[in-house]
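The block underneath contains the structure these notes are about, expressed in structure tokens.
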Amino acid sequence: MSEPTTTDALPGPRIREVLSRLPAYVPGKPAAAPEGQTAYKCSSNENPYQPLPSVLAVIREAAETINRYPDMAVSELSQAIADHLDVPVECIATGTGSVGVLGQVIQACCDAGDEVVFAWRSFEAYPIVTTIAGAVPVTVALDEQQRHRLDAMADAITEHTRVVLVCTPNNPTGTVVHDDELRAFLTRVPQDVLVVIDEAYLEFVQDPDAPDGLTIWREHPNVMLLRTFSKAYGLAGLRVGYAVAHSAVAAALRKTAVPFGVNSLAQVAAVESLRVRDELQERVDHLVKERSRVADGLRDQGWELSDSEANFVWFDLGDRSADFALTCEESGLMVRRYGDDGVRVTIAEPEANDRLLEICERWRREG
């Protein structure tokens, strides 16, 4: 009888070598807690509240037709976004969350060897989507206040640069760039370089010095905005985001989109969310108040925090990050550790935020 063979010893398909160098996206840990305690998931920047009843109603109704393909052109949602923002509909491009649209941006703009400039630490998908496309990530360190160094980012632009990513508020540090800084930066960026202003957390911003992205976009033909329904609108599980871009760029993004990528449930839910945005704003306002309460409480305890304008707070803990994250987890609070850089904690329901304040007070007291 012949010996059984295994496929392990046989040559297989060639996989791109670049994937071996690809940084892994680390999702937030699910909630888990010791017996007798309530667990809270603060490791992903999710809205802690369920969709509004009217949004759930349109999702249930649309679920009856999921045997059919969605509208590939995402026509109704694109028009609703355009009407909401008072921009031409041809300037809207949609995708599977803002990270999906980001992938479309890099594919549309970058050939192998082209460069993408962004701050670091920032959204961890940036180096992933850049590397997958065969482009080269060029990172510029944040300053001591965990803010973008836009002058240094301008210095990093070369003849190979095709895209610059500006995340404001910055994930995971929560800081925003200011209008005067951004305008000065844009005067230094060549017109053939696309500047992507990533505004995933726009709705939580209170800083009066933050830029008005739409105004900046209207004034600069090489600027586009990246937005999402995942955070403030609470549709993270449906994966729908969009770009506001000048028509030629938006057309390119539509060409690089996955066909039928934005599913039918996501489309109707996003349209309805725009219709009831005043009700959703009440929830955003509540989260902003909770963010202030948490930040004030932490500073009263002696913590030094960057000024977060997002729905999370950032702990710049360096090599103490692992210990802090473990302490939180043992207390039923799941948080997001970023190596030895720091820990991000999402602002959630008040009970979860109270748990965070208790843990932080105990952790400082115990050294």
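Counting from 1, the numbers follow the sequence of the chain as shown.
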(request) Kindly indicate whether the side chain of Phe315, heavy atoms from C-beta on, has any atom under 4.5 Å from the side chain of Val335. (result) no

(message) Has Ser264 got a side-chain atom pairing as donor or acceptor with Pro70's backbone, closer than 3.5 angstrom?
(response) no

(message) Within the 4.5 Å heavy-atom criterion, are Gln146 and Asp316 side-chain neighbours or not?
(response) yes

(message) Checking Asp307 against Arg299 for the salt bridge (Lys or Arg N to Asp or Glu O under 4.0 Å) test, could you report, in this order, the C-alpha distance in whole Å, the side-chain angles of both residues, the deciding distance, and whether it holds?
(response) CA-CA 11 Å; Asp307 293 323; Arg299 291 189 172 103; 3.0 Å; yes

(message) Counting neighbours of CD on Glu159 that are heavy atoms of other residues, nucleotides or ligands and sit closer than 6.0 Å, is the number greater than 12?
(response) no

(request) Might you confirm whether atom OH of Tyr69 has over 12 heavy atoms from other residues, nucleotides or ligands at distances under 6.0 Å? (result) no

(message) With a 3.5 Å distance limit and no angle check, can you tell me whether Arg355 reaches the backbone of Ala352 through a side-chain donor-acceptor pair?
(response) no

(request) Consider only side-chain N and O atoms of Gln281 and Asp285, and report whether a donor and an acceptor are under 3.5 Å apart. (result) yes

(message) Quick one, Thr96 and Val240 - any side-chain contact, counting heavy atoms below 4.5 Å?
(response) no

(message) Using a 6.0 Å cut-off, check whether atom CD of Glu219 has over 12 heavy atoms from anything other than its own residue.
(response) yes

(request) Show your reasoning for whether side chain to side chain donor-acceptor pair (under 3.5 Å) applies to Glu115 and Thr158. (result) CA-CA 8 Å; Glu115 295 175 350; Thr158 72; 2.8 Å; yes

(message) Count I, L, V, M, F, W, Y as connected when their side-chain heavy atoms are under 4.5 Å apart, and connections chain through other members. Are Val138 and Ile197 then in the same cluster?
(response) yes

(request) Apply the test side chain to side chain donor-acceptor pair (under 3.5 Å) to residues His148 and Asp143: give CA-CA distance (whole Å), side-chain angles for both, the deciding distance (0.1 Å), then the verdict. (result) CA-CA 7 Å; His148 280 58; Asp143 67 15; over 6 Å; no

(message) For Ala135 versus Cys110, what's the shortest heavy-atom pair and its separation?
(response) CB-CB, 4.0 Å

(message) Looking at Tyr242, I'd like to know if the NZ or CZ of Arg227 sits under 6.0 Å from its six-membered ring centre while staying within 45 degrees of the ring's axis.
(response) no

(message) Taking atom CZ as the centre, does Arg365 end up with more than 12 heavy-atom neighbours from other residues, nucleotides or ligands that are less than 6.0 angstrom away?
(response) yes

(request) May I ask you to test the Thr228-Tyr233 pair for a side-chain heavy-atom distance under 4.5 Å? (result) no

(request) Decide yes or no on side chain to side chain contact (heavy atoms under 4.5 Å, CB included) for Glu203 and Asn311, but give the supporting numbers first. (result) CA-CA 9 Å; Glu203 292 83 0; Asn311 67 334; over 6 Å; no

(message) With a 3.5 Å distance limit and no angle check, can you tell me whether Ser78 reaches the backbone of Ser75 through a side-chain donor-acceptor pair?
(response) no

(message) Which heavy atom of Arg16 sits nearest to which heavy atom of Thr131, and what is that distance?
(response) NH2-O, 4.0 Å

(message) Looking at every heavy atom in both Ala63 and Leu265, which two are closest together, and how far apart are they?
(response) N-CD2, 3.5 Å

(message) Against Ser331, only a single residue in Glu358, Gln37, Arg362 fulfils side-chain hydrogen bond (donor to acceptor under 3.5 Å, both in side chains); can you say which?
(response) Arg362

(request) Please check if Val313 and Val288 belong to a single hydrophobic cluster, counting links between Ile, Leu, Val, Met, Phe, Trp and Tyr side chain heavy atoms closer than 4.5 Å. (result) yes

(request) Without swapping roles, check the side chain of Glu309 against the backbone of Gln206 for a donor-acceptor pair under 3.5 Å. (result) yes

(message) Under a 3.5 Å distance rule, please check whether Arg183 uses its side chain to pair with a backbone N or O of Pro211 as donor and acceptor.
(response) no

(message) Is there a side-chain contact between Cys109 and Leu194 in this structure, where contact means two heavy atoms from C-beta onward sitting under 4.5 Å apart?
(response) yes

(message) Count I, L, V, M, F, W, Y as connected when their side-chain heavy atoms are under 4.5 Å apart, and connections chain through other members. Are Met224 and Leu102 then in the same cluster?
(response) yes

(message) Just to verify, which of Ser308, Ser306, Ser122 counts as forming a side-chain hydrogen bond (donor to acceptor under 3.5 Å, both in side chains) with Asn170?
(response) Ser122

(request) Could you tell me how the ring of His246 sits relative to the ring of Trp217: parallel (under 30°), tilted (30 to 60°) or perpendicular (over 60°)? (result) parallel

(message) One thing to verify: whether Glu124 and Arg336 come together as a salt bridge, which I'm taking to mean a side-chain N less than 4.0 angstrom from a carboxylate O.
(response) yes

(request) Grab the two heavy atoms, one from Ala152 and one from Val140, that are nearest each other, plus how far apart they are. (result) CB-CG1, 3.6 Å

(message) Same cluster or not: Leu165 versus Leu225, using hydrophobic residues (I, L, V, M, F, W, Y) connected whenever any side-chain heavy atoms lie under 4.5 Å apart?
(response) no

(message) Is there a side-chain contact between Gln104 and Val258 in this structure, where contact means two heavy atoms from C-beta onward sitting under 4.5 Å apart?
(response) no

(request) Heavy atoms only: give me the nearest Ala250-Ala245 pair and the separation to one decimal. (result) N-CB, 3.9 Å

(message) Please determine whether a side-chain nitrogen of the Lys or Arg among Arg121 and Asp341 lies less than 4.0 Å from a carboxylate oxygen of the Asp or Glu.
(response) yes

(message) If you count every heavy atom of other residues, nucleotides or ligands that lies below 6.0 Å from Gln301 atom CD, does the total exceed 12?
(response) yes

(request) May I ask you to test the Leu287-Pro48 pair for a side-chain heavy-atom distance under 4.5 Å? (result) yes

(message) Please identify which of these residues, Glu349, Glu329, Glu46, meets the salt bridge (Lys or Arg N to Asp or Glu O under 4.0 Å) condition with Lys41.
(response) Glu46

(message) Hydrophobic cluster membership, with links at side-chain heavy-atom distances under 4.5 Å among I/L/V/M/F/W/Y: are Val117 and Val189 in one?
(response) yes

(request) Determine, using ring centers only, whether Trp314 and Tyr338 are less than 6.0 Å apart. (result) yes

(request) Determine, step by step, whether Val101 and Val99 satisfy the side chain to side chain contact (heavy atoms under 4.5 Å, CB included) criterion, reporting the C-alpha distance in whole Å, the side-chain angles of both residues, the deciding distance to 0.1 Å, and the verdict. (result) CA-CA 5 Å; Val101 182; Val99 69; over 6 Å; no

(message) Just by distance, no angles: are the side chains of Asn45 and Thr346 close enough, under 3.5 Å, to form a donor-acceptor pair?
(response) yes

(message) Counting neighbours of CG on Leu56 that are heavy atoms of other residues, nucleotides or ligands and sit closer than 6.0 Å, is the number greater than 12?
(response) yes

(request) Go through Arg291 and Phe312 one step at a time and tell me if the side chain to side chain contact (heavy atoms under 4.5 Å, CB included) criterion holds. (result) CA-CA 7 Å; Arg291 180 185 71 196; Phe312 52 82; over 6 Å; no

(request) Report the C-alpha distance between Gln79 and Asp83 in whole Å, list the side-chain angles of each, state the deciding distance to 0.1 Å, and finish with yes or no for side chain to side chain donor-acceptor pair (under 3.5 Å). (result) CA-CA 6 Å; Gln79 188 63 60; Asp83 292 344; 2.9 Å; yes

(message) Looking at every non-hydrogen atom in both residues, tell me the closest pair between Leu238 and Ala269 and how far apart they are.
(response) CD1-CB, 3.6 Å

(request) Tell me, yes or no, whether the heavy-atom count around Glu351 atom CD, taken from other residues, nucleotides or ligands under 6.0 Å, exceeds 12. (result) yes

(request) Give a yes or no on whether Glu366 atom CD has more than 12 heavy-atom contacts from other residues, nucleotides or ligands under 6.0 Å away. (result) yes

(request) Would you check, one step at a time, whether the test side chain to side chain contact (heavy atoms under 4.5 Å, CB included) holds for Val74 with Gln267? (result) CA-CA 7 Å; Val74 199; Gln267 293 187 44; 3.7 Å; yes

(message) Please determine whether side chain to side chain donor-acceptor pair (under 3.5 Å) holds for the pair Tyr126 and Asp198, giving the CA-CA distance in whole Å, both sets of side-chain angles, and the decisive distance to 0.1 Å.
(response) CA-CA 11 Å; Tyr126 291 167; Asp198 187 344; 2.7 Å; yes

(message) Salt bridge or not between Glu181 and Arg147? Use side-chain N to carboxylate O under 4.0 Å.
(response) yes

(message) Can you confirm whether Leu298 sits close enough to Leu357 that some side-chain heavy atom of one is under 4.5 Å from a side-chain heavy atom of the other?
(response) yes

(message) Parallel, tilted or perpendicular, judged at 30° and 60°: which one describes the rings of Phe118 and Trp120?
(response) perpendicular

(request) Would you confirm whether Asn47, through its side chain, and Ala232, through its main-chain N or O, come within 3.5 Å as a donor-acceptor pair? (result) yes

